[in-house]
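Worksheet for the structure shown next.
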Amino acid sequence: MDQVTGLRCRECGREFPVEALHVCDFCFGPLEVAYDYEAIAATVTRERIAAGPRSIWRYRDLLPVDDAAPVDLGAGFTPLVRADRLAAELGLGELWIKDDTANPTGSFKDRVVSVALTKARELGFKVAACASTGNLANSVAAHAARAGMASVVLIPSDLEAAKITMTSVYGGTVVAVDGTYDDVNRLCAELTSEHPTWAFVNVNVRTFYAEGSKTLAFEVAEQLGWQAPDHVVVPIASGSQLTKVAKGFAELGRVGLLGEVPSVRISGAQAAGCSPVATAFAEGTDAIRPVKPSTIAKSLSIGNPADGWYALQAIRESGGACAAVTDDEIVEGIRLLARTEGIFAETAGGVTIATLAKLAAQGVVRRDERVVALVTGHGLKTVEALAGVVRPTVTIAPTLDAFDAAVGSLSGLDGASGAPGAADPVPSTVTPAATTQEEPTR
Ligand SMILES: *Cc1c(COP(=O)(O)O)cnc(C)c1O
Ligand SMILES: [Zn+2]
């Protein structure tokens, strides 16, 4: 099916052919993929989607690709988990976690990279490149390996160890740059003109890359039985994901997969150490002032977000909010999600959960809403964030006496107070001494 009509400038509306273009050469506005929604509506059905692969590629009719085989490691169709225990802690009613830790390289970036490299290969590119805060690097290196493409990945040199390893292992060229992400990104923009034959997934093929985030909205709706949620909480780095989640829900309405164009409130989540969008929201201005990031949420550390303004508009138009949380709150958010739902998220997930908690406490996210929180990356990628915070409850000699002496004294582990199915059989007081300052026992 030929579902794409071209690229369109988000500012002046001028149309461009489907090429590796990302800015309007008339007004410098960003370009967006334009679709023939009538043609899509005439073809796409819930049954056609259900018969597709269990990946983002079941939504191929709404993605900007031709019929070629995708560059695919199986991104998408991640679990949507009903989170009643977390909801109870936050005073919410119906809460769901979209668990994107389950993607092939452990983050939502697999969605955007799978689309970007599929399109890049279609357009004849042989080299995949990017500037990354970490997760994009992991995903580009992995998908390039899968596609047999060369890769050149640029990252800030102070990234978490796991993210550096998870990029380098795939055998591409990994360039660690002594600078912030914004420095790396600027360098990448210069390299794009030097190397026009390289597909920079978040620069010259960004228009296609961004569309991959729509699949989060598609999946959430399908997994809710083709219903839209009332409120979605989305972390913000460049702001691309948030704008495309909004676009995704709107498209489902336009092509007839939901009864009507749904009204979904979209709220944004940032770290206080890098919160240009949340600050603009709080001040009620349109101007996003760039910042120099300083937070443990490195995957969200974009001080000058390319789509920040559009994210802000999407938040306001939807009736959502945007808030920021401290590094301590991020760590608490990670632990809360792990403790209540068994999902271990990276710092970006901590940002989402802590922001959800804050917005729930303020009454912005409401008890009568069906809420979805996007948990976008796996906790093993950022174990540094928990160093000294979580550790074994006790360390003992390998004897029954030692066990009884140490663990027998902990209340709540035996039948009387912890019958199967009873809430919280392990009281939070015995979780690894969170409030003390001791070093972890290893
Ligand atoms: C990149 C990233 C985001 C945000 O993506 P943007 O589209 O740049 O706003 C969120 N979570 C994780 C884990 C990421 O790696
Ligand atoms: Zn324009």
Side-chain angles (χ1 to χ4, degrees), residues 7-16 21-32 78 98-103 105-113 115-116 130-140 155 159-160 162-163 166-167 181-182 185 201-202 206 209-214 216 233-248 266 268-271 274-278 296-312 314-315 322 330 334 345-353 355 373-382 385:
L7 307 182
R8 187 182 301 126
C9 175
R10 274 198 270 185
E11 292 302 323
C12 73
R14 265 189 177 65
E15 304 251 358
F16 296 84
L21 299 171
H22 67 297
V23 283
C24 172
D25 56 15
F26 183 74
C27 77
F28 299 107
L31 303 184
E32 187 166 49
T78 57
K98 182 60 171 162
D99 182 10
D100 253 14
T101 70
N103 275 310
T105 74
S107 88
F108 107 96
K109 289 295 195 302
D110 291 328
R111 300 175 180 276
V112 282
V113 170
V115 173
C130 71
S132 173
T133 58
N135 287 318
L136 186 62
N138 297 168
S139 188
V140 166
I155 52 174
L159 276 191
E160 298 95 341
K163 286 186 184 164
M166 281 185 70
T167 307
Y181 171 79
D182 298 283
N185 197 37
V201 300
N202 55 337
R206 183 178 182 85
Y209 155 98
E211 293 290 297
S213 288
K214 295 188 308 189
L216 276 162
V233 180
V234 188
I236 298 177
S238 72
S240 173
Q241 176 180 206
L242 188 144
T243 61
K244 295 298 173 174
V245 166
K247 184 182 183 193
I266 315 256
Q270 293 205 292
C274 183
S275 56
V277 180
I296 57 171
K298 295 184 184 185
S299 55
L300 303 182
S301 287
I302 299 186
N304 188 10
D307 292 292
W309 186 85
Y310 295 98
L312 189 59
I315 289 166
C322 190
I330 294 168
I334 292 172
E346 71 144 82
T347 45
V351 169
T352 297
I353 298 303
T355 301
L374 303 186
V375 169
T376 48
H378 200 287
L380 286 176
K381 287 167 171 264
T382 62

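Remember, it's 1-based here, ligands and their atoms both numbered in the order they're listed. None of these values were measured; they are calculated from a predicted model.
With a 4.0 Å cut-off on non-hydrogen atoms, Leu300 touches ligand 1 through its side chain and not its backbone.
Polar contact with ligand 1: present for Gly239 (N/O pair, distance under 3.5 Å). At least one N/O-N/O distance between Asn135 and ligand 1 falls below 3.5 Å. The N/O atoms of Ala237, backbone and side chain alike, include one that comes under 3.5 Å of an N/O atom in ligand 1. The distance criterion of under 3.5 Å between nitrogen or oxygen atoms is not met by Glu346 with respect to ligand 1.
Between Glu32 and Lys244 there is a salt bridge, since a side-chain N of the basic residue sits under 4.0 Å from a carboxylate O of the acidic one.
When side chains are defined from C-beta on, Thr133 counts as touching Ile302, because their heavy atoms get closer than 4.5 Å. By the 4.5 Å heavy-atom criterion applied to side chains, Leu242 and Val277 are not counted as neighbours. Under the 4.5 Å side-chain criterion, counting only non-hydrogen atoms from C-beta, Cys9 is not in contact with Phe26.
Considering CD of Gln270 and OG1 of Thr355, their distance stands at 8.5 Å, rounded to 0.5 Å. For the atom pair NE2 (His378) and CG (Asn135), the distance works out to 11.5 Å, reported to the nearest 0.5 Å.
When hydrogens are left out, the protein atom nearest atom 11 (N) of ligand 1 is Thr376 OG1, 2.7 Å; that is the closest non-hydrogen contact. Among protein heavy atoms, the minimum distance from atom 7 (O) of ligand 1 is reached at Gln241 N, 2.8 Å. Closest to atom 1 (C) of ligand 1 among all protein heavy atoms lies Lys109 NZ, 1.3 Å.
Between the side chains of Asp100 and Thr376, no donor-acceptor pair is found at a separation under 3.5 Å. Between the side chains of Thr78 and Lys98, at least one donor N or O lies within less than 3.5 Å of an accepting N or O. At a cut-off of 3.5 Å, with distance as the only test, a side-chain donor of Glu346 or Ser299 sits close to an acceptor on the other residue.
Under the rule for a salt bridge (Lys or Arg N to Asp or Glu O under 4.0 Å), the partners of Glu160 that lie at least two apart in sequence or sit in another chain are Lys163.
Ordered by chain and number, Cys9 SG, Cys12 SG, Cys24 SG, Cys27 SG make up the set of protein N, O or S atoms under 2.8 Å of the Zn ion (ligand 2).
Distances below 4.0 Å separate heavy atoms of Pro235 from the following atoms of ligand 1: 10 (C).
Counting only distance, with no hydrogens or angles, the side chain of Lys109 and the backbone of Val140 share no donor-acceptor pair below 3.5 Å.
When the heavy-atom distances from atom 6 (P) of ligand 1 to Gly212, Ser238, Gly377, Ala269 are ranked, the shortest goes to Ser238.
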